[in-house]
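A quick note: this is a predicted structure, and the numbers were derived from the prediction, not measured. All ligand and atom numbering here is 1-based and tracks the order in the structure.
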Amino acid sequence: MSKTVLITGAAGFLGSHLCDRFIAEEFHVIGMDNYITGDQDNIHHLFKHPNFEFIEHDVTNHIDIAQTIDYILHFASPASPIDYLKIPIQTLKVGSLGTHNLLGLAKAKNARILIASTSEVYGDPLVHPQSEEYYGNVSAIGPRGVYDEAKRFQEALTMAYHRFHGLETRIARIFNTYGPRMRLNDGRVIPAFMGQSLRGEDLTVFGDGSQTRSFCFVDDLIEGIYRLLFSDYTLPVNLGNPGEITISEFAQEILTLTNTNQKIKYKPLPKDDPLKRQPNISLAKKILNWAPKVNRSEGMKKTLEYFRTLPESKLFKVDHKDFSKHIKR
Ligand code: NAD
Ligand code: UDP
């Protein structure tokens with residue numbers, strides 16, 4: 001009998017890759033999503049698979065599933081700063097109420113649950129690179145507070161279920177991850193630069209471009225999540241690629257990769273945009289025997305190939321997703 005895994009955020013970037021991985025490992029996969037920032041095209045290929053089922057549902061509402069569930073991967077949440085600034089209350093709700101529902105479901109089903117946390121719990125870090133012991137430097141009331149505090153609350157609630165109820169929990173602190181199936185217009189820097197490049201527009205670098213990020217290719221991240229789920233480690237674990245680069249150097253790399261000669265246009269740095277970000281992955285190396293394998297040039301080529309296959313309707317649709325049908329007034 002194959003084991004059953006519930007994956008929330010299944011129609012999103014990471015969730016859809018997780019569905020593929022667990023299907024490939026012969027699990028029965030239940031995908032759940034309300035499509036607020038996701039895209040059905042990411043999982044369309046799975047709809048006829050005998051081991052895949054899909055439930056369209058907002059996880060901030062009570063979740064009712066009759067069948068046995070062995071594992072839960074809670075990945076539902078807007079993840080792009082532009083998305084979560086547009087839907088701040090949904091972002092807070094999915095990290096808090098949504099996580100509460102999924103922890104409750106895990107407890108009722110006696111399932112192991114892994115939650116997708118983020119490097120944003122470190123905020124604009126005063127310690128570099130960031131290791132799991134660092135408590136972070138987050139503004140609760142700044143624009144990013146809706147995401148950062150939801151994720152910090154999510155971690156706190158998960159640890160409380162672990163300590164109080166003895167629930168089997170895992171926490172992945174995910175650093176910037178990229179690859180095929182990111183929404184071209186979600187505002188995150190990689191789809192933003194690639195979309196601009198493919199449309200022949202100037203690349204928009206925010207601030208002076210000296211802020212850094214460290215980008216992890218999706219296949220590496222999925223492997224890390226898989227190993228973490230089946231490890232016996234219950235405290236948070238950083239998963240990311242330590243290869244750090246400034247955003248202006250990165251814009252230059254994209255221009256070289258796409259072989260285009262657009263200019264770089266500088267725009268104001270959004271408030272509370274972290275100036276540095278790089279994971280210390282010693283813990284993941286030690287307990288999961290995991291480290292990323294795909295270097296940035298290889299990962300970016302694969303990502304660009306994917307964006308090049310998108311129909312013009314997606315390439316030129318620069319307006320951000322319409323969230324209005326999900327917002328209850
Ligand atoms: P994404 O926006 O592509 O996917 C998120 C998915 O969650 C979407 O399909 C969306 O429709 C769904 N969703 C949102 N709210 C929901 C709700 N209330 N009910 C049901 N479904 C809902 O983002 P992603 O990059 O795939 O991120 C997935 C998870 O990983 C998020 O929890 C995010 O915080 C975390 N994460 C991602 C990164 C990254 O670099 N990609 C980094 C850190 C953390
Ligand atoms: N960024 C940029 N131009 C863009 C989009 C993003 O210069 O068009 C910058 C952004 O200010 C940040 C970095 O790229 O410093 C990464 O942004 P992203 O939205 O991908 O995620 P973050 O790491 O900030 O959560």
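Hydrophobic clustering keeps F175 apart from V294 (ILVMFWY residues linked when any side-chain heavy atoms are closer than 4.5 Å, directly or through intermediates). Connection of F75 to L105 is established within a shared hydrophobic cluster, with ILVMFWY side chains joined at heavy-atom distances below 4.5 Å, either directly or through further cluster members. Connection of Y147 to V138 is not established within any shared hydrophobic cluster, with ILVMFWY side chains joined at heavy-atom distances below 4.5 Å, either directly or through further cluster members.
In summary, the side chains of Y122 and N238 do present a donor paired with an acceptor at a separation below 3.5 Å, with no hydrogens or angles considered. Using modelled atom types and a 3.5 Å distance limit, the side chains of S210 and T246 yield no donor-acceptor pair. Counting only N and O atoms by type, the side chains of S2 and E26 include no donor and acceptor under 3.5 Å apart. A donor atom on one side chain and an acceptor atom on the other are found under 3.5 Å apart for H45 and D20. Judged by distance alone, the side chains of S214 and Q278 never bring a donor and an acceptor atom under 3.5 Å apart. Of the N and O atoms on the side chains of E53 and Q67, at least one donor lies less than 3.5 Å from an acceptor on the other residue.
In this structure, R181 falls outside the shell of residues with a heavy atom less than 4.0 angstrom from ligand 1. At a 4.0 Å cut-off, at least one heavy atom of A11 sits close enough to ligand 1 to count as contact. For I36, the heavy-atom gap to ligand 1 drops under 4.0 angstrom. The closest approach between M182 and ligand 1 stays at or above 4.0 Å for every heavy atom of the residue.
Listed by number with element, the atoms of ligand 1 under 4.0 Å from a non-hydrogen atom of G38 are 8 (C), 9 (O), 10 (C), 11 (O). Remark: ligand 1 atoms within the under-4.0 Å shell around heavy atoms of N176 are 40 (O). Proximity to A79 (heavy-atom distance under 4.0 Å) selects the following atoms of ligand 1: 23 (O), 24 (P), 25 (O), 27 (O), 33 (C). The atoms of ligand 1 that sit less than 4.0 Å from any heavy atom of H57 are 19 (N), 20 (C).
Residue, atom and distance of the protein heavy atom nearest to atom 28 (C) of ligand 1 are F75 O, 3.3 Å. Nearest non-hydrogen protein atom to atom 10 (C) of ligand 1 is T37 OG1, 3.2 Å. Scanning all protein heavy atoms for the shortest distance to atom 37 (C) of ligand 1 gives L14 CD1, 3.6 Å. Closest protein heavy atom to atom 19 (N) of ligand 1: V59 N, 3.0 Å. The protein heavy atom nearest to atom 3 (O) of ligand 1 is F13 N, 2.9 Å. Annotation: atom 4 (O) of ligand 1 to nearest protein heavy atom, G12 CA, 3.3 Å. Of the protein's non-hydrogen atoms, D33 OD2, 2.6 Å is the one closest to atom 9 (O) of ligand 1. Of the protein's non-hydrogen atoms, the one nearest atom 38 (C) of ligand 1 is I174 CG2, 3.9 Å.
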Nitrogen or oxygen contacts under 3.5 Å, ligand 2 side and protein side:
unit_1: ligand 2; atom_1: 3 (N); unit_2: T204; atom_2: O; d: 2.5
unit_1: ligand 2; atom_1: 7 (O); unit_2: F206; atom_2: N; d: 2.7
unit_1: ligand 2; atom_1: 8 (O); unit_2: T204; atom_2: O; d: 3.2
unit_1: ligand 2; atom_1: 8 (O); unit_2: T204; atom_2: OG1; d: 3.0
unit_1: ligand 2; atom_1: 11 (O); unit_2: D273; atom_2: OD2; d: 2.5
unit_1: ligand 2; atom_1: 15 (O); unit_2: Q211; atom_2: NE2; d: 3.0
unit_1: ligand 2; atom_1: 15 (O); unit_2: R213; atom_2: NH2; d: 3.3
unit_1: ligand 2; atom_1: 15 (O); unit_2: D273; atom_2: OD1; d: 2.7
unit_1: ligand 2; atom_1: 15 (O); unit_2: D273; atom_2: OD2; d: 3.3
unit_1: ligand 2; atom_1: 20 (O); unit_2: V189; atom_2: N; d: 2.8
unit_1: ligand 2; atom_1: 23 (O); unit_2: N176; atom_2: ND2; d: 2.9
unit_1: ligand 2; atom_1: 23 (O); unit_2: R213; atom_2: NE; d: 2.6
unit_1: ligand 2; atom_1: 23 (O); unit_2: R277; atom_2: NH1; d: 2.7
unit_1: ligand 2; atom_1: 24 (O); unit_2: R144; atom_2: NH2; d: 2.8
unit_1: ligand 2; atom_1: 24 (O); unit_2: R213; atom_2: NH2; d: 3.0
unit_1: ligand 2; atom_1: 25 (O); unit_2: R144; atom_2: NH1; d: 3.4

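Closest heavy-atom approach to atom 5 (C) of ligand 1 within the set G9, G15, S77, A150: this belongs to S77. Around atom 36 (N) of ligand 1, the closest heavy atom drawn from Y147, F175, F323 belongs to Y147.
Open room surrounds CD1 on I89; 12 or fewer heavy atoms of other groups in view lie less than 6.0 Å from it. Counting non-hydrogen atoms of neighbouring residues, nucleotides and ligands closer than 6.0 angstrom, the CG atom of N137 exceeds 12 such neighbours. Shown here is Y135, whose OH atom has no more than 12 heavy atoms of other residues, nucleotides or ligands within 6.0 Å.
Taking the six-membered ring where tryptophan is involved, the planes of H17 and F13 are perpendicular, since the angle between them exceeds 60° and thus also 30°.
Between D58 and ligand 1, an N or O atom pair is found at a separation short of 3.5 Å. Taking distance alone, with nitrogen or oxygen atoms compared against 3.5 Å, D39 stays at or beyond that limit from ligand 1. Below 3.5 Å of separation, one finds no N or O of H74 facing any N or O of ligand 1. Annotation: D83 places no N or O atom under 3.5 Å from an N or O atom of ligand 1; distance criterion only. Residue S117 has no N or O atom closer than 3.5 Å to an N or O atom of ligand 1.
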Q) Could you go step by step and tell me if T4 and T68 meet the side-chain hydrogen bond (donor to acceptor under 3.5 Å, both in side chains) rule? A) CA-CA 7 Å; T4 297; T68 303; over 6 Å; no
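Only backbone heavy atoms of Y35 (N, CA, C or O) come within less than 4.0 Å of ligand 1; its side chain stays farther off. Contact annotation for M32 and ligand 1: no heavy atom of the residue comes within less than 4.0 Å of the ligand.
Residues forming a ring-ring contact (aromatic ring centres under 6.0 Å, His included) with F22 (at least two apart in sequence, or on another chain): F27, Y226. For H128, the ring-ring contact (aromatic ring centres under 6.0 Å, His included) criterion is met by no residue, not counting sequence neighbours. With sequence neighbours left out, the salt bridge (charged side-chain N to carboxylate O under 4.0 Å, His left out) criterion links E249 to no other residue.
Side-chain atoms of K109 come within 3.5 Å of backbone atoms of A66 as a donor-acceptor pair (strictly under, hydrogens ignored).
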